[in-house]
Amino acid sequence: MNATPEDEALESAAWSGFVQRLGEQLALAWPAMPQRLGERYDAFVALAVERALERGFTRPAAIGRYVNLWFVWGPAFHDKPGFEWARGILAAPSTREWNIAHQLVQRSMVELERLPGTQVEPRALAASDAGVIDAFGELGPRGRLRRPVPTPLPRAACDLEAVELKLAGDAGLQDYRLVDGDWQRAVLAPPPALRIDAAHPVPDCVAVLSSQSGQGPRARLQARVRAAAVCDGDLHPALGFLGPHGGWKWIGHETRALGWPVATRDQTLPRAGPGAVIAEATSPEPQRIEIDCCGLRDEGDVLGSLKVPLSAWPAEQWWIEIQRAAPAAQALLPGPRPWARATTRCRVERDGAPQDAAPLREQFEQGLDAAIGVALHRLGAAWEALPGLTAAGFDAALGLLGGRMAATWGWHYGPGGLDGPALMRFIAAFEMDACVADLRWSGRLELAGTASRIHLELAGKSPLRSTLRRESAEPALDAVMKTAVARWRLPFTFAIEALAAERGALLQLAGPPAGALVGEAGLRPCTSGRSGWEWFAGLRLEAASVPLRVVDPLLGESRFELPIFPPTTLVDWSLG
């Protein structure tokens, strides 16, 4: 909210009143100074206040403590030889102004004790400094002078030396490893302890892997707080942990060594069942550690109160294995005849415990394979409907995503261990064929006075064979998963066998046939709104036609295009 001119006038008057009161306060503490300066005394105080503002002091009490030192050491004392210690203290970040003022006073008392022949007793400085804090400690900073400081400014040193966070024990975590083609489970080593101190700042995120409800023991985080100085053991240091449970708090000696369980967010399984979504980036549970102290030191850098963001990711590790038999050739015409689907075997584990794989198997058999059967019957019906065609035949072997695939995924600690977000680890071995096709159409075609036996075929396969590994932050998972999909284009071939006809006309090819079976299959980002990857397969026909010519001994040669199949989407399937 913008200040009004009236507010600004009141604030300016309050500031002028503070400067005047400060001069009066210090004149009582150091009566010799106004006697020596006379009429220049007010200008001396005003200049000292101005220099305090230039040095980044904004709180009246901090400004008063700095100006008080001008009375002890003289104007701009820190710029004089022998006061290198003061220049070092003043070089600290201005955000620590209260600590800077405190350290200037504390070091000044040490110097007064050390230097012989000083005219100021350390106890006199301590008394005048306390008087400044008493008089102005409740005033807000410049610009908000009329707003009181919400909490009393600390006077005694109270700061943290270091904080250590680590997981208790080995946390019981295991993962799946692919070693020489064999899948094994292995125990995970716990991440190293995380230290926070002046040389190791608070990380942007502390990661913890913990089991969901009912899936295993919660991870237990341990903390050790070492204080550099304590103002009051009944107040500081204080450690609080805020999370879905609410808040827990420990104070004083309790913070030297403590531990607590860390909860993660329970994740819902996909509707298609366990294992249906691959490498899902499930959401962590945000939590926070707060460690409070006064943030005041007699010397050295201040660590101050800490707010440590923590995120707990699900620790579960998944493993799946899918085996799909190769398709067998089947005659669909003459018919119609049912399409006999091949069998699919699925295994799903979570942390070594078998999961219900029936929904996953049904998605392949009753979803993908059933869609293939419908597509083949459509192709058979379209072939039978070709004008002039009799004795139609259609033999088909068509499979999508056949072979074997096994994969594991789950959250792991990143390269920084507790320091930094968790990493979605993914390992997969594909020994699959995204598409295997051998489609053969045949029949007798009577057209323009000709009789021929025709054959339309397409055959080929698109392999999906690779080992994918993502066990570090780079490359990103989406870059790794780009190779988990295969694409293909299988063109048609066409052959003609002339049969005897009364007119002696012949049907011949006038060029290569147009059209192909095109598609893609594998893993792609989920389209259901969840994160992770889903199985999918797409299959379509490009418009198929054949350029023909009729050679007639009486009528000569004529050319035309025989349409066979229109452009058609045959399969558009995704798991779930």
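The shown structure was predicted, so the numbers you read here are calculated from the model rather than taken from an experiment. Residue numbers start at 1 and run along the sequence shown.
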Is a salt bridge present between [X] and [Y], judged by a nitrogen-to-oxygen distance below 4.0 Å?
| X | Y | value |
| --- | --- | --- |
| R177 | E471 | no |
| D134 | R155 | yes |
| E254 | R256 | no |
| E290 | K307 | yes |
| E299 | R297 | no |
| R185 | D175 | no |

Please work out whether the ring planes of [X] and [Y] are parallel, tilted or perpendicular, with thresholds of 30° and 60°.
| X | Y | result |
| --- | --- | --- |
| W248 | H245 | parallel |
| F364 | W535 | perpendicular |
| W411 | W313 | tilted |

Q.
W533 vs W409, test: ring pair (Phe, Tyr, Trp, His ring centres under 6.0 Å). Steps then yes/no.
A. CA-CA 11 Å; W533 276 256; W409 67 90; over 10 Å; no
[X] side chain vs [Y] backbone, donor-acceptor pair below 3.5 Å:
| X | Y | answer |
| --- | --- | --- |
| Q287 | A263 | yes |
| S574 | F536 | no |
| D292 | A238 | no |
| R470 | S472 | yes |
| D159 | G304 | yes |
| T264 | S211 | no |

Q: Given ring pair (Phe, Tyr, Trp, His ring centres under 6.0 Å), test W260 with F241 step by step and report yes or no.
A: CA-CA 9 Å; W260 63 88; F241 180 63; 5.0 Å; yes
Please round to the nearest 0.5 Å and tell me the distance separating atom [atom1] of [X] and atom [atom2] of [Y].
| X | Y | atom1 | atom2 | result |
| --- | --- | --- | --- | --- |
| R347 | I322 | CZ | CD1 | 12.5 Å |
| C294 | W98 | SG | CH2 | 11.5 Å |
| I427 | R469 | CD1 | CZ | 4.5 Å |
| L242 | K249 | CG | NZ | 9.5 Å |
| I320 | L360 | CD1 | CG | 6.5 Å |
| L296 | C231 | CG | SG | 9.5 Å |

pair [X]-[Y]: side-chain heavy atoms closer than 4.5 Å:
| X | Y | result |
| --- | --- | --- |
| D433 | L400 | no |
| W488 | L490 | yes |
| L235 | I251 | no |
| R265 | P286 | yes |
| R425 | T408 | yes |
| Y413 | L423 | no |
| F430 | T483 | no |
| P327 | L398 | no |

(Q) Walk me through whether E534 and T527 qualify under side-chain hydrogen bond (donor to acceptor under 3.5 Å, both in side chains). (A) CA-CA 8 Å; E534 66 183 8; T527 58; 2.9 Å; yes
**Q.** Audit row: R218, S213, side-chain hydrogen bond (donor to acceptor under 3.5 Å, both in side chains) steps and yes/no
**A.** CA-CA 8 Å; R218 301 283 197 194; S213 299; 3.2 Å; yes
Side chains of [X] and [Y]: is there a donor and an acceptor less than 3.5 Å apart?
| X | Y | result |
| --- | --- | --- |
| E316 | Q212 | yes |
| D298 | H102 | yes |
| Q215 | R350 | yes |

**Q.** Contact summary for P359 and G273, nearest pair of heavy atoms
**A.** CB-CA, 4.3 Å
Q: Please report the closest heavy-atom contact between N99 and G300, naming both atoms and the distance.
A: ND2-O, 4.3 Å
**Q.** All pairs passing salt bridge (charged side-chain N to carboxylate O under 4.0 Å, His left out) where residues 190-216 contributes a residue, at least two apart
**A.** R195-D197
Q) Who pairs with R220 by side chain to side chain donor-acceptor pair (under 3.5 Å), at least two apart in sequence or on another chain? A)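 Listed in chain order: nothing, the list is empty.
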Q | Residues T344, R324; criterion side-chain hydrogen bond (donor to acceptor under 3.5 Å, both in side chains); working and verdict | A | CA-CA 5 Å; T344 297; R324 287 171 48 76; 2.8 Å; yes
Q. Testing L69, L90, I89 for side-chain contact (heavy atoms from CB on, under 4.5 Å) with H78, which one passes?
A. L90
Sequence neighbours excluded and cut-off under 3.5 Å, please list the side-chain donor-acceptor pairs for residues 54-64, or say none.
from: E54; atom 1: OE2; to: R51; atom 2: NH1; distance (Å): 3.3
from: T58; atom 1: OG1; to: E97; atom 2: OE2; distance (Å): 2.5

Q. Do the ring centers of F426 and H412 come within less than 6.0 Å of each other?
A. no
